[in-house]
Amino acid sequence: MDIPSKYSAQTVESKWYDYWMTHNYFHSTPDDREPYTIVIPPPNVTGVLHMGHMLNNTIQDVLIRRARLKGKNACWVPGTDHASIATEAKVVAKLKAQGIDKNDLSREEFLKHAWEWTEEYGGVILEQLKKLGCSCDWDRTKFTMDEDMSEAVIKVFVDLFNKGLIYRGYRMVNWDPEAQTTLSDEEVIHEERTDKLYYVKYKIEGENAYVTIATTRPETILGDTAVCINPDDERFTHLKGKKVIVPLCDRVIPIIEDDYVDIEFGTGCLKVTPAHDVNDKDIGDRHNLDVIDVLNPDGSMNSFGLHHEGKDRVIARKDVAKELEDMGLLVKTESIVHNVGTSERTKAVIEPRLSDQWFLKMEDLAKPALDAVLTNGEVKLFPKKFENTYRHWMENIRDWNISRQLRWGQQIPAYYYGDGKEDFVVAQNLTEAVELAREKTSNSELKASDLTQESDVVDTWFSAWLWPMNVFDGIRNPENEEIKYYYPTNDLVTGPDILFFWVARMIVAGYEYKDSRPFENVYLTGLVRDKQRRKMSKSLGNSPDALKLIDDYGAGGVRVGLLLSSAAGNDLMFDEALCQQGKQFANKIWNALRLVKGWEVDNSISQPNSNRIAIEWFESKFQKDLVEIEDHFSKYRLSDALMTIYKLVWDDFCGSFLEMVKPSYQKPIDAQTLEKVNTIFEEVLKIVHPFMPFLTEELWHFIKERSPEEALIVAKWPETKSIDEALISEFEFASEVISGIRNIRKQKNIASKDAIKFSVVNNENATSTFDEVIFKMGNLESFNYVEDSIEGALTFRVKSNEYFIPMEGSIDVEAEIKKLTEELNYTEGFLISVQKKLSNERFVNNAPEQVVASEKKKEADALAKIETIKGSLASLQ
RNA sequence: UGAGGUAUAGCUCAGUGGUUAGAGCAUCACGCUUACAUCGUGAAAGUCAUAGGUUCGAAUCCUAUUACCUCAACCA
């Protein structure tokens with residue numbers, strides 16, 4: 001079979017992906033083999049592939065392909081997340097563009113639009129993953145809003161409610177006025193902002209005196225229900241027990257005392273607005289204060305805003321300040337840098353808001369999950385440093401607000417039958433709800449139409465946390481064969497940004513519902529940043545087009561490029577040059593096979609000794625690196641594993657091995673060697689395959705015709721064999737000799753095609769194993785062992801061996817002396833440092849025996865080398 | 001503000017108390033030698049952030065400082 005001179009990634013990649021799909025290699029069903037399972041972190045259903053996904057999924061594909069080669073029953077479950085707030089925001093925007101207001105639609109109408117949107121854009125990202133080469137079991141593709149998935153979510157909600165872990169509470173939550181929904185604490189991003197701090201005077205009731213407070217939010221003055229001082233603040237002793245009058249609305253409110261107030265900050269006097277600040281709410285609860293909410297859900301002022309009613313809070317802030325100034329109550333303003341919570345999705349400034357929400361008690365649930373990571377090691381985080389972060393979060397876990405005022409998601413299965421706080425039941429469906437409600441009310445006449453279902457949906461993560469169980473239907477059918485076979489899964493690969501959102505909660509759910517970990521290892525990737533260390537984001541426009549990268553460098557090039565510099569947990573400074581390097585690596589391997597394929601076989605010639613040695617050496621070197629690669633993989637150091645492979649292939653396989661066995665120009669190769677070379681090539685392709693699946697599969701079939709059962713994707717990972725360490729170090733020595741020859745050729749401009757005479761004084765008693773290799777690689781005319789230095793020759797040294805290349809014409813004695821002197825100086829300096837150690841009695845007495853022995857060996861080697869150099873110098877002078 | 005992390009070659013990073021500290025890329029020089037110029041051969045490049053300490057011995061362990069990163073924090 002002829003190999004094209006260039007590797008065309010595009011045609012090759014689609015060809016093999018189709019081939020793999022046709023032959024169903026990605027599909028897994030339970031069998032006798034050991035399972036290896038990964039569930040994909042489901043991307044947003046309407047999302048598009050970005051660099052983070054590329055990195056993430058490349059890692060997963062490397063792991064899954066490697067497991068497949070190792071004979072495991074590899075199962076990678078793909079899917080997408082309905083991403084309630086993100087998707088709903090997009091649908092709302094689309095409707096708005098069409099002139100439709102979400103609030104004018106019924107729930108059913110809105111959901112119809114959302115499903116249309118999902119069907120139109122959904123799954124694009126999964127198609128993109130195929131381009132990257134991801135070998136997911138597409139037959140298992142799941143969506144968090146699939147009917148069975150939703151059913152399980154509801155089942156879990158009902159169960160947790162019945163266990164008393166879910167409750168309804170009037171709490172202060174993070175309110176996104178843009179999306180008009182609550183957000184969990186994790187969805188709030190705190191941004192540093194510069195705002196104005198307003199100093200406002202409040203008149204003291206019955207006195208012609210004022211007290212000054214400082215606030216960044218004058219519009220909430222209308223919601224003030226107290227002014228608070230620190231009881232220890234001596235400046236304000238005279239205020240104790242008095243009242244003040246709220247400006248603008250002239251409400252009379254008490255001056256209260258609470259330790260919370262920081263004497264140092266502002267004026268030391270705090271206005272308390274329980275409806276709009278968590279801390280104020282706490283103070284309010286302690287002092288039984290009224291709660292006055294001045295805002296509408298969209299962030300505009302309500303009737304408590306008086307003549308500011310209807311204005312957005314930001315506008316009202318300025319207007320109120322102006323009004324206060326006109327009234328002479330604004331003492332001063334100053335700039336202040338503080339943190340403001342913003343919505344992760346809509347970027348809107350978050351309002352603390354009191355409302356009825358559903359909460360999940362976390363404290364008890366978190367305990368097994370905490371132990372799993374920190375005590376018994378059932379779940380391991382890579383890198384380990386995230387354990388601290390995990391501990392910190394889990395130990396300070398707060399109840400999870402799981403309700404969202406959205407429509408796109410699983411509707412909370414609570415059914416109200418009255419206006420009382422407790423007038424509701426929680427049930428799997430309406431029929432059961434009716435029954436329950438009849439029981440609870442003792443009213444057997446109650447009908448379905450008397451019940452109203454809660455309009456809120458659950459937080460997206462409340463479905464995502466069940467993902468590893470739910471994709472195998474483990475919630476609805478806990479004893480089914482698949483969940484028993486595939487669960488717990490093996491590895492989870494995701495970004496540290498969702499360690500709490502998702503990873504921790506999956507662990508919680510795993511212990512609660514399967515009484516076991518959801519996965520054994522969590523590989524936390526870093527963020528993908530650009531060369532200037534900026535986060536890649538749409539707004540900065542610094543994120544390269546993922547698909548264009550694949551077009552430009554091939555999926556293999558991009559995969560290698562991404563993994564070359566991405567240690568687990570470390571941010572990845574993405575640089576397209578790395579993809580270029582990946583592409584060049586593909587080219588290198590491609591051309592290696594072209595070389596081998598170009599060789600003519602001659603069955604009549606026997607195997608040269610140099611080839612036999614070369615094969616033995618490479619097999620050992622391969623094994624040695626294989627051990628290293630396994631070790632890297634075991635620690636999830638994929639980048640190091642890849643680099644080891646890269647060097648093994650480029651330097652050892654192409655640079656040394658193929659050069660050693662390569663027949664000379666237009667000469668044939670012996671059959672025995674060629675067969676071995678092919679076998680070795682196959683072993684190399686196997687270890688490269690997880691990183692560059694397409695290229696290696698293509699070459700695999702170029703080496704010989706294969707049936708579908710013999711495809712590389714399902715080949716057998718190389719077995720480990722014994723390593724001949726001596727052979728490897730002998731080769732290293734020989735390499736230095738070859739380098740020495742090349743150096744001299746270079747310095748003296750001796751063309752590599754001109755054969756040269758070569759002699760050695762073998763002071764080291766080096767073995768002659770690689771002499772034939774040296775002969776060939778150095779293009780020697782002769783290779784003699786001699787007892788004494790050769791006059792009129794160029795020299796170099798390896799350890800204490802001295803090598804000679806006789807030169808026609810004159811030798812530059814000055815240059816030789818200079819070179820020798822430099823070597824001598826270095827070696828003597830080295831010797832001194834070693835001897836200094838050895839003459840230190842405390843070192844000799846305290847250091848371990850083998851350390852002292854190795855120092856002594858160094859000393860002896862250095863002395864021998866010095867001897868050699870001095871001899872050469874003497875003969876030159 | 002707190003917690004955690006990081007600091008080693010121009011860049012990205014290895015380095016497990018014991019080699020006068022390594023790799024890949026980039027740079028420079030030379031070479032189109034019949035797989036690959038997407039290549040080959042070679043060279044140069046480091047006060048291991050700073051200051052102390054422990055130790056026979058520190059890039060490695062400890063302390064402090066500085067800088068950067070991440071996470072957590074609603075001093076109004």
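Chain letters run A, B, ... following the sequence lines, proteins first and then strands; every chain starts at 1.
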For this session: Enumerate, in order of first residue number, the stems that involve RNA chain B, defined as 3 or more consecutive Watson-Crick or G-U wobble pairs with both distances under 3.5 Å.
Result: B:1-7 with B:66-72, B:10-13 with B:22-25, B:27-31 with B:39-43, B:49-53 with B:61-65
Taking only side-chain nitrogens and oxygens of [X], does any of them come within less than 4.0 Å of OP1 or OP2 of [N]?
X	N	result
Lys588(A)	G40(B)	yes
Arg217(A)	C75(B)	no
His392(A)	C71(B)	no
Lys837(A)	C56(B)	no
Arg398(A)	A73(B)	yes

When all nucleic acid strands are considered with a 4.0 Å heavy-atom cut-off, which category describes [X]: base, sugar-phosphate, or nothing?
X	answer
Arg637(A)	sugar-phosphate
Arg391(A)	nothing
Ser739(A)	sugar-phosphate
Ser752(A)	base
Asp277(A)	base
Glu659(A)	base
Asn388(A)	sugar-phosphate
Lys6(A)	base
Pro848(A)	base

For this session: Indicate whether any N or O donor in one side chain lies under 3.5 Å from an N or O acceptor in the other, for Asn230(A) and Tyr260(A).
Result: no
Exercise. Any side-chain donor paired with an acceptor under 3.5 Å for Thr273(A) and Lys271(A)?
Worked result: yes
Could you check whether any side-chain heavy atom of [X] comes within less than 4.5 Å of a side-chain heavy atom of [Y], counting everything from C-beta outward?
X	Y	answer
Val261(A)	Ile229(A)	no
Val211(A)	Thr267(A)	no
Val558(A)	Tyr553(A)	yes
Ile350(A)	Leu183(A)	yes

For this session: Going by the side chain to side chain contact (heavy atoms under 4.5 Å, CB included) test, name the single residue among Leu642(A), Leu648(A), Ile645(A), Val560(A) that passes it with Val688(A).
Result: Ile645(A)
When you measure only distances, ignoring hydrogens and angles, does the side chain of [X] come within 3.5 Å of the base of [N] through a donor and an acceptor?
X	N	result
Lys746(A)	U41(B)	yes
Gln747(A)	A43(B)	no
Asn339(A)	A73(B)	yes

For this session: Answer yes or no: are there more than 12 heavy-atom neighbours, outside Lys858(A) itself, under 6.0 Å from its atom NZ?
Result: yes
Problem set entry | ring-ring contact (aromatic ring centres under 6.0 Å, His included) partner of Phe657(A), the single match among Phe681(A), Trp650(A), Phe618(A) | Phe618(A)
Problem set entry | Strand-adjacent residues in residues 642-655 of chain A, judged by heavy atoms under 4.0 Å from RNA chain B | Met643(A), Tyr646(A), Lys647(A), Trp650(A), Cys654(A)
Exercise. Which ones in residues 575-587 of chain A lie close to RNA chain B, meaning a heavy atom under 4.0 Å from one of its atoms?
Worked result: Gln581(A), Gln584(A), Asn587(A)
Problem set entry | Note: Arg317(A)-Glu219(A) ion pair, threshold 4.0 Å (strictly below) | yes
Seminar exercise, completed: To the nearest 0.5 Å, atom NZ of Lys385(A) lies from atom CG of Leu524(A) at 9.5 Å
